[in-house]
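Reading through the structure tokens given below for one structure.
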2 protein chains.
Amino acid sequence: MIPRSLTYFIAVAEEKNIGRAAKRLNISQPPLSRQIQKLENELGVTLFNRTPKGVELTEAGALFLVEAQNICSVIDRATERTQRAGKGKLGRLDIAIFGSGILNNIPKILLTYKNAYPDVKVVLHTMEKAEQIEALRQRRINVGFNRLLTPLPDISFELITTEKLFLAINENHPYAKQDIIPAYVLGENPLVLYPTGTRPNYIDKVINICHDLGFSPLVSQKVGDVITAIALVSSGFGLCLVPESAISLKLPGVVYRSMSGLPDNAKIDLSCIYRANDNSAILQSFLEVCRTYRATLGKD
Amino acid sequence: MIPRSLTYFIAVAEEKNIGRAAKRLNISQPPLSRQIQKLENELGVTLFNRTPKGVELTEAGALFLVEAQNICSVIDRATERTQRAGKGKLGRLDIAIFGSGILNNIPKILLTYKNAYPDVKVVLHTMEKAEQIEALRQRRINVGFNRLLTPLPDISFELITTEKLFLAINENHPYAKQDIIPAYVLGENPLVLYPTGTRPNYIDKVINICHDLGFSPLVSQKVGDVITAIALVSSGFGLCLVPESAISLKLPGVVYRSMSGLPDNAKIDLSCIYRANDNSAILQSFLEVCRTYRATLGKD
DNA sequence: ATTTTCAATACCTTTATTGCATCAATTTGA
DNA sequence: TCAAATTGATGCAATAAAGGTATTGAAAAT
């Protein structure tokens, strides 16, 4: 990448002798003489005074030496940065997240990624599912996290984890005394459902589970996000079936209990989506971190 | 000077199409494709994603585009500066001056030079003759001004101007009433002589003039510099024969008068000296200004 | 005065670069 | 749906650039 003429010029300037510089450059003396002449012609400036002992820089040559060394370092820096960018180690990654997803898994992934790729600027955007797909297509984001994602022709997805469901229940509720709560309880109590957003969503999931259990849920409230939902549980509005990661959300008067008797589909996935044709190094390195994270989960 | 690979890369990045870029570069498409491949191999980074409509920059490619444009501007700036240095328009000029030389001619030359070559940093050093020659040989200065310079094998000199001599005389002296003072007055009054320094000097010159006039001068004082000499004239120590340029030195009680009857050699030169083998653009451009100045004087 | 030490030149060889023709893949237009 | 058009990639021959060997010419050292 560095122009040959500069390498040659710097060698001659440092050796103050064309023959010696040629030896250092592993070429013979005549071509080096010619290259220096050529450079002088291109610049229209005499860079060296030829002396009986060798050559010495003119004033302009001395200036050009400084400039040449500067050019070389600029080029080196540029190639190095480009190579790091090519390996996904330098750049910017726009990630869309959604309300409750941020609670447990995503922070861990982001932390791992940021440690592995400290020079990638990670920018988070809160978007719901439909917005994420639109933003992906418009290239405003590189990757989006969400649940219940369905494949599209131009959007690929990758599963991060599948979480078991837990019951958020007010500590004063009679069932709160039990460690494991039978599934039929869902049919006998009002439920707080979330999120009200793009279908299919987690509300549909919960309703399906209830149907599989043989009843329709009694809906106490439908709210937009998991925090509001748990807050309502705290206020005694009913029960709420939440993904495992929501357990880390502690609110006064709310306890989480595992359930028995749930159907097999009573799990909720967390996936990420990205443009199917996006093979950029930054995205690939991020997906790699996601896959490693998923593999790590399997072992625990 | 700018690497072909960068020119090519930038064209392709801007056209987003190899064929179109090739047209712009006045080459055919295949070699451009190959040069881009070669660049990608050198960097070890994919710079473009090939699409059915053309090419598009990868993230690393987009970064490299910015870097490449930066490299080009650094190189352009470097060549431009080097060329200016080659024309003597950029750099540093160390000039030695001496006591009274600074009074009239040298400031004018310096002013002209600084206007013509504003980016040359002019550094002045006050030195007497012997010091100037030593400093020239040691390359601490590029040029020195002085009077009564003699040629040396390694030091060339160039005449700036030849000044007529004037008489500095105390305004209370009887002759001060005359506009033109006859030369014999020098033999009838004590003289203040300067400078006491490297021989031959201006003192020798004045003594020779007196001998040519047929007498030996009565020396009142020998002092180091013209200002001290004029100050002594001001105090009534005697007369002082000064170069024309000293007239600009106004001291209370001192008037300057032209003289009649002086011999032909009653003139004092001002020259500059420089290394005989110094053909640097900066020195040459300075000498050119000196020659122009001398030519201008002739016309006035 | 001769040898040595430089850079420069002449002449040839090797390596890069380019252009032409063509291919393979994909999109566009009928 | 199928042919035409457009895209970048590849093979091969021609050209341009760079390099090597031998030699020259000038100046310095011996």
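Naming: A, B, ... by sequence-line order, numbering from 1 per chain.
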Sole candidate of Asn277(A), Asn279(A), Asp278(A) that passes side chain to side chain donor-acceptor pair (under 3.5 Å) when paired with Arg275(A): Asp278(A)
Just wondering, are more than 12 heavy atoms of other shown residues or ligands nearer than 6.0 Å to CZ in Arg77(A)? no
One pair to check against salt bridge (charged side-chain N to carboxylate O under 4.0 Å, His left out): Asp204(A) and Arg199(A). What are the steps and the verdict? CA-CA 8 Å; Asp204(A) 299 307; Arg199(A) 305 282 298 277; 2.6 Å; yes
Determine the contact category for Pro31(B): base if any of its heavy atoms lies under 4.0 Å from a base atom, sugar-phosphate if only primed atoms, P, OP1 or OP2 are that close, otherwise nothing. base
Separation of Ile18(B) atom CD1 from dG8(D) atom C1', in whole Å? 6 Å
Name the closest nucleotide to the Pro52(A) side chain, picking from dG19(D), dA27(D), dA7(C). dA27(D)
Hey, is the side chain of Gln35(A) pairing donor to acceptor with the base of dA18(D) inside 3.5 Å? no
Glu56(A) with Lys16(A): basic N within carboxylate O range, under 4.0 Å: no
What's Lys38(A) touching, base or sugar-phosphate or nothing? Going by heavy atoms closer than 4.0 Å. sugar-phosphate
Short side-chain N/O contact to dA9(D) OP1/OP2 from Ser33(B), under 4.0 Å: yes
Tell whether Arg34(B) reaches the base of dG8(D) with its side chain through a donor-acceptor pair below 3.5 angstrom. no
Touch check for Asn26(B), heavy atoms < 4.0 angstrom, all strands: base, sugar-phosphate only, or nothing? sugar-phosphate
Residue pair Leu32(A)/Gly19(B) against DNA chain D: nearer the 5' end by closest nucleotide is Gly19(B)
Indicate, with a heavy-atom threshold strictly under 4.0 Å, whether Tyr8(B) touches base, sugar-phosphate, or nothing. sugar-phosphate
Assign Gln29(B) to base, sugar-phosphate, or nothing according to its heavy-atom contacts below 4.0 angstrom with the strands shown. base
Under 4.0 Å from OP1 or OP2 of dT18(C): is there any side-chain N or O of Arg4(B) that close? yes
